[in-house]
Student: 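This is the structure, below, for whatever I ask next.
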Amino acid sequence: MRLERDALIAVFEQLLAHFGPLHWWPGDGRFEIMVGAVLTQNTAWTNVEKAIASLRAADVMELAAMRATAPDALAEMIRPAGYFNVKQRRLRNLLDWLHAQGGHDALLDWPTPRLRDGLLSVNGVGRETADDIVLYAYDRPVFVIDAYTRRLFSRFGWIGGDEDYDQLRLGIEAALGHDVALFNEYHAQIVYLGKDYCRTRPRCGACPLAGLCPFPDIGG
DNA sequence: ACCCAGGGTCATA
DNA sequence: TATGACCATGGG
């Protein structure tokens, strides 16, 4: 694993120049970000949007109201996001935990490690979901690792791809320095890249990173 | 018809 | 620690 700041920044700058600032997370407020983070697990965001719209329409996009929603009804609302039975439970686990801590605003002054570990203690909230929440809902400098990040950085030859999640995260954080705005925008850019190019295009001629990627012809 | 998506848990070895 | 099964909808 060889992660250098200059190389990481060069990729970031080129992505930013191509896509423009993305202003993530797509969603409104801390609570909705958390809900979205759970719903988007292994799921296309377009599907999550339908679920979020239905939660809003039912007027339950709020901690107390969603917690008061019957399990079957909640599952039905989030159905388009897939895994709806599993996610209904995971969502409820998170809501119950938040309630037990005094609500999501009570977490605002928690130190980052406590916040992260607390979220990870919730069944159904894994490393990526926790880090989505920590970074995008609580503005803490953790770098979110997802499948796209591994694919991209592997392609550049910076990592093997099968590194332990936290080993990889800490390596990137050490290289970049703890910068919330940078981490926020970088992860967003990576997801955009992965979504539009890395998988759907077998050859990378039109890739925004053309000219920078050492292996542009590997394909998806 | 097939592949995959902004993962995570659980059982098993 | 490390695999594999499982969860499920919607778009390409």
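Everything numeric here is computed off the predicted structure, so don't read it as measured data.
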Student: Please give, in whole Å, the distance from C:dT9 C1' to A:Gln41 CD?
Tutor: 15 Å
Student: Taking atom C1' of C:dA8 as reference, at what distance in whole Å does atom CG of A:Leu91 sit?
Tutor: 16 Å
Student: Can you measure A:Arg150 atom CZ to B:dA5 atom P for me and round it to whole angstrom units?
Tutor: 14 Å
Student: What stem regions, each of at least 3 consecutive Watson-Crick or G-U pairs below 3.5 Å, can be found for DNA chain B?
Tutor: B:2-5 with C:9-12, B:7-13 with C:1-7
Student: Within the structure, does a side-chain N or O atom of A:Lys50 lie under 4.0 Å from either OP1 or OP2 of C:dG11?
Tutor: yes
Student: Taking the same atom, P, in B:dA1 and in C:dA8, what whole-Å distance lies between them?
Tutor: 22 Å
Student: Which sits closer to the 5' end of DNA chain B, A:Val86 or A:Asn123, going by the nucleotide each is nearest to?
Tutor: A:Val86
Student: With A:Gln167, which residues qualify under side-chain contact (heavy atoms from CB on, under 4.5 Å), at least two apart?
Tutor: A:Met1, A:Glu163, A:Asp164
Student: Under a 3.5 Å distance rule, please check whether A:Tyr138 uses its side chain to pair with a backbone N or O of A:Leu108 as donor and acceptor.
Tutor: no
Student: Rounding to an integer number of Å, can you tell me how far A:Asn47 CG sits from B:dC4 P?
Tutor: 16 Å
Student: Could you check A:Val38, A:Val35, A:Leu63 and say which one makes a side chain to side chain contact (heavy atoms under 4.5 Å, CB included) with A:Leu94?
Tutor: A:Val38
Student: A:Tyr165 side chain to A:Ile145 main-chain N or O, any donor-acceptor pair under 3.5 Å?
Tutor: yes
Student: Check whether more than 12 heavy atoms from other residues, nucleotides or ligands sit under 6.0 Å from atom OH of A:Tyr192, and answer yes or no.
Tutor: no
Student: Can you tell me if A:Ser54 uses its side chain to pair, donor with acceptor, with the backbone of A:Met77 under 3.5 Å?
Tutor: yes
Student: Do A:Asp109 and A:Arg114 meet the salt-bridge criterion of a basic N to acidic O distance under 4.0 Å?
Tutor: no
Student: Any chain of hydrophobic side-chain contacts (each under 4.5 Å) joining A:Ile190 to A:Leu182?
Tutor: yes
Student: Does C:dC7 have its OP1 or OP2 closer than 4.0 Å to a side-chain nitrogen or oxygen of A:Asn42?
Tutor: no
Student: Using a 4.5 Å cut-off on heavy atoms from C-beta on, say whether the side chain of A:Ile52 contacts that of A:Trp45.
Tutor: yes
Student: Which residue lies toward the 5' end of DNA chain B, A:Thr40 or A:Val125, if each is placed at its nearest nucleotide?
Tutor: A:Thr40
Student: Rounded to the nearest Å, what distance is computed from the CG atom of residue A:Leu39 to the P atom of nucleotide C:dC7?
Tutor: 19 Å
Student: Before you tell me yes or no, could you show the steps for A:Phe84 and A:Lys87 under side-chain contact (heavy atoms from CB on, under 4.5 Å), namely the whole-Å CA-CA distance, both residues' side-chain angles and the distance that decides it to 0.1 Å?
Tutor: CA-CA 5 Å; A:Phe84 53 88; A:Lys87 285 177 178 172; 5.7 Å; no
Student: Could you tell me whether the phosphate oxygens of C:dC6, OP1 or OP2, come under 4.0 Å of any side-chain nitrogen or oxygen in A:Asn85?
Tutor: no
Student: Cluster partners of A:Tyr83, using ILVMFWY side-chain heavy atoms under 4.5 angstrom, listed by chain and number?
Tutor: A:Val86
Student: Round to the nearest Å and state the distance from A:Phe84 atom CZ to C:dC7 atom P.
Tutor: 11 Å
Student: Applying a strict under-4.5 Å side-chain criterion to I, L, V, M, F, W and Y, I'd like to know whether A:Val11 and A:Ile9 cluster together.
Tutor: yes
Student: Assess, by modelled atom type and distance only, whether the side chains of A:Asp132 and A:Thr129 contain a donor and an acceptor separated by less than 3.5 Å.
Tutor: no
Student: Can you sort out which residues in residues 75-83 of chain A have a heavy atom within less than 4.0 Å of DNA chain C? Ascending by number, please.
Tutor: A:Arg79, A:Pro80, A:Gly82, A:Tyr83
Student: Rounded to whole angstroms, how far apart are CG on A:Leu120 and C1' on B:dG7?
Tutor: 13 Å
Student: Please check: side-chain N/O of A:Gln14 versus main-chain N/O of A:Pro208, any donor-acceptor pairing under 3.5 Å?
Tutor: yes
Student: Looking at DNA chain C, which of residues 129-144 of chain A put a heavy atom within less than 4.0 Å of it?
Tutor: none
Student: Rounded to whole angstroms, how far apart are CZ on A:Arg90 and P on B:dT9?
Tutor: 6 Å
Student: What residues from residues 161-178 of chain A pass a heavy-atom cutoff of under 4.0 Å to DNA chain C?
Tutor: none
